[in-house]
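Atoms within each ligand, like the ligands themselves, are counted from 1 in listed order. No experiment lies behind these values; they were computed from the predicted model shown. No hydrogens, no waters, no symmetry mates; every other heavy atom, side chains included, goes into these values.
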Amino acid sequence: MAEKEAPASAQAQGDGKLRKQIQFADQQFEFQRRPTKKGHRSLSRSISQSSTDSYSSAASYSDSSEDEMTPREKRCGEARVHEDFCVKNIGQSGFGRREVEIAQQEMPALMALRKRAQGDKPLAGATIVGCTHITAQSAVLIETLIALGAQCRWAACNIFSTQNEVAAALAAVGIPVFAWKGESEDDFWWCIDRCVCADGWQPNMILDDGGDLTHWMYRKHSEVFKKVKGIVEESVTGVHRLYQLSKAGKLCVPAMNVNDSVTKQKFDNLYSCRESILDGLKRTTDIMFGGKQVVVCGYGEVGKGCCAALKGLGAVICVTEVDPICALQACMDGCRVVKLNEVIRQVDIIISCTGNKNVVTREQLDRVKNGVIICNMGHSNTEIDVASLRAPDLTWERVRSQVDHVIWPDGKRVLLLAEGRLLNLSCSSVPSFVLSITATTQALALIELYNAPEGRYKQDVYLLPKKMDEYVASLHLPSFDAHLTELNEEQAKYLGINKNGPFKPNYYRY
Ligand SMILES: NC(=O)c1ccc[n+]([C@@H]2O[C@H](COP(=O)([O-])OP(=O)(O)OC[C@H]3O[C@@H](n4cnc5c(N)ncnc54)[C@H](O)[C@@H]3O)[C@@H](O)[C@H]2O)c1
């Protein structure tokens, strides 16, 4: 079904009501105003799929002790059964706190939101149950929501991604966190359940990443939805599930799709990949890029980011495309547009980023030269036909973590990275700044849904109002000492827009 824009009332020129909701005690930081210099980073998570994906968005302090007992089993002991958290080792909280402090430096918008909330607390009374990756960056988000007045209970959306020390740091300051790295499937649902149900606790907002929390609440605690004012969902899969619920007429509260907000999309696809492609390749192969011949399959947002980064280091770039518009863009950006078969024998690196399947086939891999590096930046692990490489005539040799040599009978070796899964999510880190964009978008979506007057949002899925999307971006500008030009009345009238935004129509392509 078509995505719903936020209702006109929320986008209204001047946005009186909206502004009021986001207005904080410190008038200098009023929603409508530009931040001044003073203000100073998906996967689906269904337990059947990404809740079991390995994820390495942040360095994780490793536990030296390989405990036999799980945190959940340990907590069953009489002395600890009353603890309102369940983490691997609360003694790691000091390390976690330092990780959180580092992340705070690269998450300027959330820190600015906290300052604004010193007096007026736009989430006062909100009881938020959350299910996201538990990393230093999400800790900054959770603590921001609390600074904005909310009470939170949090579980992990992925059984491998929890930074144990960060979970400990949150628990140490009294935040009910139920998560540890390496949860079993049963633990995963138990942790979610502990967050939904607790004595004297009734959630009224949901922040989900992958839809598992929402799904669990629908199946096990549907009565809780009577008090819930809205769902904020980040992932492609979670959003897809919400649209399915809405289509079936089963969505019983308003939901905000933050995955498709412009600022977040640009950062997740273009800018984040521009940074992390090099990191992923360097960490796994120690390669020097200058003069290397690279073919990038797909010149969409991700492909553009990869090409820009590689070009900057002197690589020679070819692009494959099916879409003439994107192909022409690649030409304008100085790339050769080719069919993969034309360059397959010469290239040193093959990167797929099409979102499509079987873009690089076994037949093509039979023809690459010795030592070629092959990786994927697209969502699915079927862009490169890895299954065809698991054939009896080929030998696999693990070189290092996430790096395999696939060896042909004649001795030719190909370096396959991350077994064809997303290179950057498997082998590199997502910059905190990218996560700052997402987290700020989530925080504003929660504020909007929580404060929206009755009737503004129906039982449907909405995009974040454009004005708030612009606000997410503007909150990040002061860290670059960027100075926005202001429209005067005459110019605004000439363009037919409000001088304070939104500045672009919803169909505008950035
Ligand atoms: N690695 C990451 O961190 C990350 C971040 C965001 C998105 N993604 C994923 O990366 C993929 C691409 O995302 P995007 O935003 O660039 O999408 P996009 O639609 O903007 O770009 C994909 C491009 O691939 C082209 N294409 C499709 N089939 C092709 C084929 N057989 N050969 C050559 N080109 C082909 C399309 O015409 C399109 O231009 C998606 O699967 C997306 O989910 C990855």
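Taking a cut-off of under 4.0 Å to the non-hydrogen atoms of C273, the atoms of ligand 1 that pass are 1 (N), 2 (C), 3 (O), 4 (C), 5 (C).
Distances between N or O atoms of E321 and those of ligand 1 include at least one value under 3.5 Å. For G378, no nitrogen or oxygen atom sits less than 3.5 Å from a nitrogen or oxygen atom of ligand 1, counting backbone and side chain alike. Between Y299 and ligand 1, no pair of N/O atoms sits closer than 3.5 Å.
Relative to atom 30 (C) of ligand 1, the option among V322, L423, L425 with the closest non-hydrogen atom is V322. The closest heavy-atom contact to atom 24 (O) of ligand 1, among the options L422, T354, I325, comes from T354.
Residue S272 places no heavy atom under 4.0 Å from ligand 1. The closest approach between N424 and ligand 1 falls below 4.0 Å for a heavy atom of the residue.
At least one side-chain heavy atom of I206 sits less than 4.5 Å from a side-chain heavy atom of V228. A 4.5 Å side-chain heavy-atom check between L207 and Q442 finds at least one atom pair inside the cut-off.
When heavy-atom distances to ligand 1 are checked against a 4.0 Å cut-off, C326 comes that close only through its side chain, counted from C-beta outward. Residue N356 touches ligand 1 through its side chain alone, judged by heavy-atom distances below 4.0 Å. For T320, heavy-atom contacts with ligand 1 shorter than 4.0 Å involve the backbone as well as the side chain. Within the 4.0 Å heavy-atom criterion, neither part of S380 lies near ligand 1.
At distances below 3.5 Å, at least one donor-acceptor pair connects side-chain atoms of D208 with backbone N or O atoms of L213.
Nearest protein neighbour of atom 13 (O) of ligand 1, counting heavy atoms only, is V302 CG2, 3.5 Å. For atom 6 (C) of ligand 1, the closest heavy atom belonging to the protein is N269 OD1, 3.1 Å. Scanning the protein heavy atoms around atom 44 (C) of ligand 1, the nearest turns out to be M377 O, 3.1 Å. Nearest protein heavy-atom contact of atom 9 (C) of ligand 1 is H379 N, 3.5 Å. Annotation: atom 17 (O) of ligand 1 to nearest protein heavy atom, E301 N, 4.6 Å. G300 CA, 3.1 Å is the protein heavy atom nearest to atom 21 (O) of ligand 1. Taking atom 12 (C) of ligand 1 as the reference point, the nearest protein heavy-atom neighbour is C353 O, 3.6 Å. For atom 5 (C) of ligand 1, the closest non-hydrogen atom on the protein side is D268 O, 3.3 Å.
For the 3.5 Å distance criterion, the side chains of N424 and S276 qualify, holding a donor opposite an acceptor. Side-chain contact annotation: E383 with N356, donor-acceptor N/O pair under 3.5 Å absent. Side-chain N/O atoms of T361 and D385 include no donor and acceptor closer than 3.5 Å. If you check the side chains of Q244 and K250, you find no donor sitting under 3.5 Å from an acceptor. Defined by atom type and a distance below 3.5 Å, a donor-acceptor pair is present between the side-chain atoms of E233 and S235. Residues Q265 and D260 have side chains that bring a donor and an acceptor to within less than 3.5 angstrom of each other. There is a side-chain donor-acceptor pair under 3.5 Å between Q137 and S432.
With I287 as the fixed residue, the side-chain contact (heavy atoms from CB on, under 4.5 Å) test singles out one of I373, D348, L278: I373.
Protein non-hydrogen atoms do reach within 4.0 Å of atom 15 (O) of ligand 1. For atom 19 (O) of ligand 1, the nearest protein heavy atom is 4.0 Å or more away.
Ring geometry for H476 versus F433: interplanar angle over 60°, hence perpendicular rather than tilted (30 to 60°).
To the nearest 0.5 Å, atom CG of residue L365 and atom OG of residue S388 are 6.5 Å apart.
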